[in-house]
Structure formats: structure tokens, C-alpha cells
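FYI, side chains are in, hydrogens and waters are out, and symmetry mates aren't considered; it's all heavy atoms of this structure. Every chain is numbered from 1 and lettered A, B, ... according to where its sequence line falls, protein lines coming before strand lines.
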Amino acid sequence: MDKRSRIGARIAAEFKDGDYINLGIGLPTEAVNHIPEGVRVTLQSENGILGTGPQPAEGEEHPDMINAGGGFITANPGAVFFDSALSFAIIRGGHVDVTVLGALQVDQHGNLANWMIPGKMVPGMGGAMDLVTGAKKVIVAMEHVDKRGNPKILKECNLPLTAKGKVSLIITDLCVLEVTPAGLLLKELSEGVTVQEVIDATEAELIIPDELK
Amino acid sequence: MDKRSRIGARIAAEFKDGDYINLGIGLPTEAVNHIPEGVRVTLQSENGILGTGPQPAEGEEHPDMINAGGGFITANPGAVFFDSALSFAIIRGGHVDVTVLGALQVDQHGNLANWMIPGKMVPGMGGAMDLVTGAKKVIVAMEHVDKRGNPKILKECNLPLTAKGKVSLIITDLCVLEVTPAGLLLKELSEGVTVQEVIDATEAELIIPDELK
Amino acid sequence: MFKRITAAEAAAMIKDRSRVAIGGFLAVGAPESLIDAVVAAKTKDLHIIVIASDWEDRGIGKLVANRQVRSAQVSHLGTNREIQAQMNAGEIDIELVPQGTLMERVRAFGAGLGGVLTPTGLGTVVQESKQIITVDGKEYLLEPAIPSDFALIRAHKADECGNLVYSKTARNSNPIMAKAGRITIVEVDEIVPTGELDPEHIVTPGVFVDYIVVKEV
Amino acid sequence: MFKRITAAEAAAMIKDRSRVAIGGFLAVGAPESLIDAVVAAKTKDLHIIVIASDWEDRGIGKLVANRQVRSAQVSHLGTNREIQAQMNAGEIDIELVPQGTLMERVRAFGAGLGGVLTPTGLGTVVQESKQIITVDGKEYLLEPAIPSDFALIRAHKADECGNLVYSKTARNSNPIMAKAGRITIVEVDEIVPTGELDPEHIVTPGVFVDYIVVKEV
């Protein structure tokens, strides 16, 4: 399995049968290819569909059928279309079980920054602030370090926040970290990765359980 | 024409072609029998229908088809069913052209009281407060005096208000009064009614235009 | 995903002192099987949230007649002498809420909002003890969200994903309350196979539905 | 009751400096005929309210590329380099609004509400200069209603009463904005005879619709 697939599979392992899930653009969507057998989840896309199906075959795209990333989609049996106010009532009202998002930065308090780099890039928060505020469980899925090798998991985010203290799990190519009141707990290492490698790639303090030492 | 029909006809004369109308329980509903030819109006009932049709024939009642007064209704072609939040978005959002309500009291400032008599009768405001607050034009339609002959059109309402300063027209069995910044303007007398009779039956000061003197 | 249960099982989940939002308008669209089961369960001291107090023998009137309601947020009592009598005797606490405001306050809870600003009730007793907020030069009352532990609602049909459609004016408060219960229990005429309800026509997505009872009365 | 007009007639009603809410999400469900007509009319200094800034050559991106937009309330700019360039050059004022908050603020205006309380944005730059209100021990931001002079929206079909239905995910912000325009102008694929749309399936009642344009592109 390549890196993306490994992360996707690890995300999907968090899903429970019957869950309603919202996946952010990019890496998080990799999870749909790895949903365990016997686990049925319903995907929401915040532009207004519950029950998003797989990408259509080439030539089968419907111009009015996209997900929140702008990609063409299909609808599964039992799907529903609705307006954006209802869509965010689902999200903000706490009816999404799991949301998975990418991050520019995440910190040991569970703070997330993923919508702007002042002076450089201001794509806007889109639906991310509502998702992170409202979902029952917020998972960050990303490469452990940025393209230049700098840590993205920090003591304190210094980019503008998406939401404060809402992230509960961080899944990267190197490891899985749980956000606890005491700080970031190293839950799992990816195959072939050492504790020291994770420590070196992370600015935040890590809590290393005995069994991983 | 009897008294009720006269009031109903006078209400209906206020309707313009294309208007969306909400009629309160009782006397106001009499207007539907007198809508002028060439004037098409759409009736809203706040429990969740736009396009209320006439009462069904006996035996044709549908248990799920009522108006806000609990009476059985039909739906006209082009009718729409919706939930109560959308229904009040129509009302509060200013999309109802005319609402017609009964009153316990109305005063020269356009204040209306029609939902409780403390210690005696507390039916509640139902949708009336939203209707009076949101409708473009609020008409009060009622008997000019109460059952004991006491004035209902006062200098100041002393019952709990439904809304402040929202009434623009008062249609009674005796006359039509317009609420103006200067006070209540006597616009029309019913057939056979004298100015003095209106003055005697009204506590509020009236502005009597020359042509009626 | 919802679980199918009986009305009695639904009633057994609702403990004394629960806050229960109940659908219907003058009992049209009221979940009568669920209400009957709560009557049979003799649950006490309920707080109910409902548009109107219905009649003594229909809708939530049955709970009032059986003296199971301690307090209510409601917009209209005019059709139910019993609730007025209990209110006058101090046996039931009534907060009268304008109907549109009541719907927005319930909707707000379901949508994760803390409340809304409305002009309705300004200059009336409704504004007593409420905060007045000025936006763009206009005054509004701050009306807080109304929380509920359970929503008991009535729909026409559900599919196997819990998606709901309603019947005519029996829709009324039901879709709003469906979204607002911490636990939402729906009474339906029937459960149809998934695919039978058009994705464009579904009013309430199944994500809001926890339990479904097929009507028993 | 609505009036049927052309896209050019619609555009002619929209004066410089108007506040215009425009439907669509990444241009899916955007009223392209109406937008093209506004581009042709060269209307200036518009304030637009839209979910996302679409692409340079689709949706509201065309208005931005033609330098007709002075300011915008929008949740996402990531797909449109031109609007980011104009923002960085100080030529366009952008208020970034979380998408759910944007929808509630637009909905509030249409529903006659002054605003809503939302937890979204707490602890972020979104809360700057906003009032924080505590309800039931929880903090919320007070988010005021967003007014608009015109709503330009896209629906699939209208009937002769102006009732609207939408197509799949092209629904998105359109029903919300339809309710929120002081003047609402709808672009549809076709107008069908009254009676063809089922009263249970209509999403936007005709009461919100002022003008209808049958799509021209």
C-alpha cells in the first residue's frame, strides 16, 4: 500500500456501521476506498447531498451532480438532496458522526488551522469552520510534515484558526495521535517508523506510552 | 347583505390582483366569499399551505387538510405544502401582502390586542403576533362594539398587546377607519350609519373629513 | 441508522421530567400512537414543546388530561379547556411563545444555533425579561434555542434509510422537531423500500431519525 | 404573482452598487443567463453574496473578471485566482463568512429575522468585532442578517404560480436566496403548466418569486 492508501485505510478504520461522514477535499476522500466490510456509512457533502455515491464513469457525469470539492459524483440508493441551510443544520446541529479534514497546522490543544496563510493564500474557510465546530468527531488527516519538511504538528498554531480545541485524532503517514487533555498521545506508529522519527518530525510534545517505547 | 357579508365584502375590496393573503379565524374568513371578479388572490394558512381552496363538500374532508382555524380545506391548483418554519418565513419575512384579524381592542396608534384577557381568557397568540409584525398591510375586521355595547376602538389598548402600531385599517359593521400618524381617520360610513353613531360607539378621537360631516 | 421499535418501547425510553417536542397542529400530524403509549406509561412531570394544546381527547391534550405535563412552551391553548384550567390552578407552567418564534427556537436547537433575533413580540409582554438587540438600526428580541430530549413526530412514509415524507398540512411542525430532538422518534404510516422515495422529494433526511414506530392506532 | 422577462430586462433593473445574492456552488446551480446579462449591462460596484467565487469564466467569476464587483460576502475563493488578485490589490473588499453562517445570515434576512447565534467561528478571526452572547452557559457569536436588494437564482422548473423545483446538487443556496431577495429573479429551464408540480414536492413557493427568465444559454 502506498502512503495515501495507508492513511485512507487508517481513517476508514475509525468509521462505525451506520455513521454519517463528511470528508474534506484531497487526502481524506481516500478513505472511501478502504471502508471495512460490514460497515455501512453514509457520506454527506455540504453542498447538499446525503448518500454520495462513487465517481461516475467517464461520459456519465451529470452537470448538476458535484461534491463540495467540485468533483462529479453519483447518488447511492436512499440519497437525499437538500439546500445549504439544511446541510449545515445537519453539520452544526451535531448530526455528522465523523468529519475528516486536511490541515496546514494542528496543535497539541486540538486547534486546527487550514483556511489561510496571511499575505500568501486566502482560499477561505468554506464549510470547514462549521464542520469542525459541529461534527461529533473531528479527524485531521495529512502528511506529517509540509513540503519543505517542516513540522505541521505544533505546540501552538500560528496561522489563523479554523476552530479551537475541536480536533480529537490526527492521522498522518508516520503515526496516529490522539488529542488528550494532557497533550498529544502517540497511539500508533506506521510500519517501519520509529518513535524518534515521529518526535523529530513533530514540534509539539508527545506523550509516548510504554508499549511504544 | 347581512352585517357579516358587508364586512366581508369591504375586506375583499382591499385585495389587489396577485395578492398573498392570510385571513384570521372567524369574521375575516368571510372575505373569501366576496373577492371581486378579475382579482386573483392566493390564501396562506400559517399551519403550512399556500393556495387554500374552498371548504370540501361533506364527506370529502381529508383528515390531513386543515387551515389554521382547524377547519377542513381543499387545495387550489398551484398550492404548496410546507413546514411551519417556512410558513413563518413567508409571514415574518414580509411576503404576505394583507393579513386580516379580529380584535378584542384596537387603538388610535394602531396597537392591537387580540390574544388574552388576563385572569379570564388566555387562548394564546398563536401566529397572530408574527402575522401582525410581518404582513405588509394589517387590517382589523370586527364588530364595532363588544357584546355588551362597549367600545373596542380605544385611545389606548389596556389589554396585553399583540403588536405595537402595526394596524393600518379597521373595518367594522359601522365604518372604515384608517390609522394615520394624526389618529383615526373616518374613511367611510356603512349604509344608514351616521357620523354621530360612530363617534358614540368609539372611545378614540376620530378625524372626520369634511365630505362626511 | 434508525431502529424500528414499538410505541411502548418508545414510551419506555422517555423518563419523568423529560423535555419532549411533539409534532402536530391542532392534533393534525400529531403522533397519536406515541402519545397513547406515553399516556399508558404514565410518565410524569413532562415538559412539552408543541404548537397548540390540541383537544382534551386528541394530540397532546391526552397527556394534559392524564396530568402528565408539568410545563409547556406553546403558542395556542384556545381549543383545550383542561390545559387552561390546570394553568389557572397553577398546576402547569405555561410559556406562551408566538408560533413563528417557537418554530425558530426549536429549529435553532436542531441546527446547533443558540437562538435568533426576531421583531415579533416587541412592545408586548413577550419581550419581558428578554434582551433587545439592535441590528442595522432595527430592534429585535433575542429568542434562545429551545432544547428537547425527545422529539415525537409524525410522518407519512419512511424509507429504509429513515428518510421521511409527510402528508399535506400534517407536515406543519414535524420536520422542524424531527431535526431538534436529541433522540427523534417518528411514527409513520408505513416503511417503504429504499429507492421508492425520490431524493428530490424527501423532506427530512434519515440522519435526523433515531427510531421509527409504525402507527398502531 | 411573477412576471416573465428576459435576462436583459432583469439586468436592467439592477443598478450600480446594488447588493445581489447569487445562487450556486462552484457555479453549479448558478444563473448563468442572468450573470451574462449583468456582464453585458456593465453594472458597476456590485456587492455580491455568494457561497464561493466560482471560476474566472463560470458563475460569478465572470462578474469579477469584468471588474463589476466592489465587495463580496463569500465563504470560499480557492478556485478563482482573479478574485484573490483583486483582493490582494485592494480592489475588492472581501468578507469571508463560514458557509453555514453565510446561509443562516441570508436565510435570516428572508425570514424577517435580525440574525442568529452560532458557535461557528468562536476563537477565530471570524469573531473579531462581533458580539459574544451566552445562552444556557454556552457562548455564541451574534451574526446579523445579510440584506440583499436582488436575489438571482437558478431553478429547474417553475409552474405558472412561480413555484420552483431544483435539480440535484444545483439546489444548494438557491432556495435560501430565493427567499431573501427584496426582488427575486429566477432563471429556469422551463415553465410548466400549474398542476404539473406536486404540492408536496415544491421547494420554493411562488410567493417568493418576482420575475422569471427562461434560460438563454
Side-chain angles (χ1 to χ4, degrees), chain C residues 19 29 98-105 107-122 127 130-148 155-157 164-172 174-176 197-205, chain D residues 19 29 98-105 107-122 127 130-148 155-157 164-172 174-176 197-205:
Chain C
R19 298 167 299 183
Q99 194 177 335
T101 301
L102 185 66
M103 292 300 97
E104 284 297 323
R105 293 176 68 182
R107 177 186 180 276
F109 185 72
L113 301 170
V116 298
L117 306 182
T118 178
T120 302
L122 273 173
Q127 84 173 45
K130 298 229 167 88
Q131 204 173 332
I132 295 177
I133 304 231
T134 301
V135 174
D136 228 354
K138 279 183 69 179
E139 289 192 334
Y140 298 92
L141 294 184
L142 172 56
E143 291 280 7
I146 294 180
S148 52
H156 180 34
K157 293 179 185 180
L164 306 178
V165 296
Y166 301 85
S167 168
K168 304 180 188 286
T169 64
R171 188 183 301 198
N172 56 64
N174 283 298
I176 302 156
L197 303 182
D198 186 321
E200 302 276 15
H201 301 161
I202 290 162
V203 176
T204 302
Chain D
R19 299 168 297 183
Q99 194 177 332
T101 301
L102 186 66
M103 292 300 97
E104 285 295 325
R105 292 175 68 183
R107 177 186 179 276
F109 185 72
L113 301 170
V116 298
L117 306 183
T118 179
T120 302
L122 273 172
Q127 83 174 46
K130 297 230 166 87
Q131 204 174 331
I132 295 177
I133 303 231
T134 301
V135 173
D136 227 355
K138 280 184 69 180
E139 288 190 337
Y140 298 92
L141 294 184
L142 172 56
E143 291 280 7
I146 294 180
S148 54
H156 180 35
K157 294 181 186 179
L164 306 178
V165 296
Y166 300 85
S167 168
K168 304 180 188 288
T169 64
R171 188 183 302 198
N172 55 63
N174 283 298
I176 303 156
L197 304 181
D198 187 320
E200 302 276 15
H201 302 160
I202 291 162
V203 176
T204 301

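A donor-acceptor pair under 3.5 Å is formed between the side chain of C:Arg105 and the backbone N or O of C:Pro144. A donor-acceptor contact shorter than 3.5 Å links the side chain of C:Asn174 to the backbone of C:Gly29.
Taking 4.5 Å as the limit, every side-chain heavy atom of C:Leu164 sits out of range of all side-chain heavy atoms of C:Lys157. Looking at heavy atoms from C-beta onward, C:Val165 lies in side-chain contact with C:Leu197 at the 4.5 angstrom threshold. Side-chain contact check for C:Glu200 versus D:His156: every heavy-atom pair is 4.5 Å or farther apart. D:Asn172 has its side chain out of reach of D:Tyr166: every pair of non-hydrogen atoms, C-beta onward, lies at least 4.5 Å apart.
Considering CD1 of D:Ile176 and OG1 of D:Thr204, their distance stands at 9.5 Å, rounded to 0.5 Å.
Below 4.5 Å, heavy atoms of chain D meet heavy atoms from C:Asp136, C:Tyr140, C:Leu142, all part of residues 136-143 of chain C.
Interface remark: C:Ile133 contributes side-chain atoms only to the contact with chain D (heavy atom separation under 4.5 Å). Both the backbone and the side chain of D:Val116 come within less than 4.5 Å of a heavy atom in chain C.
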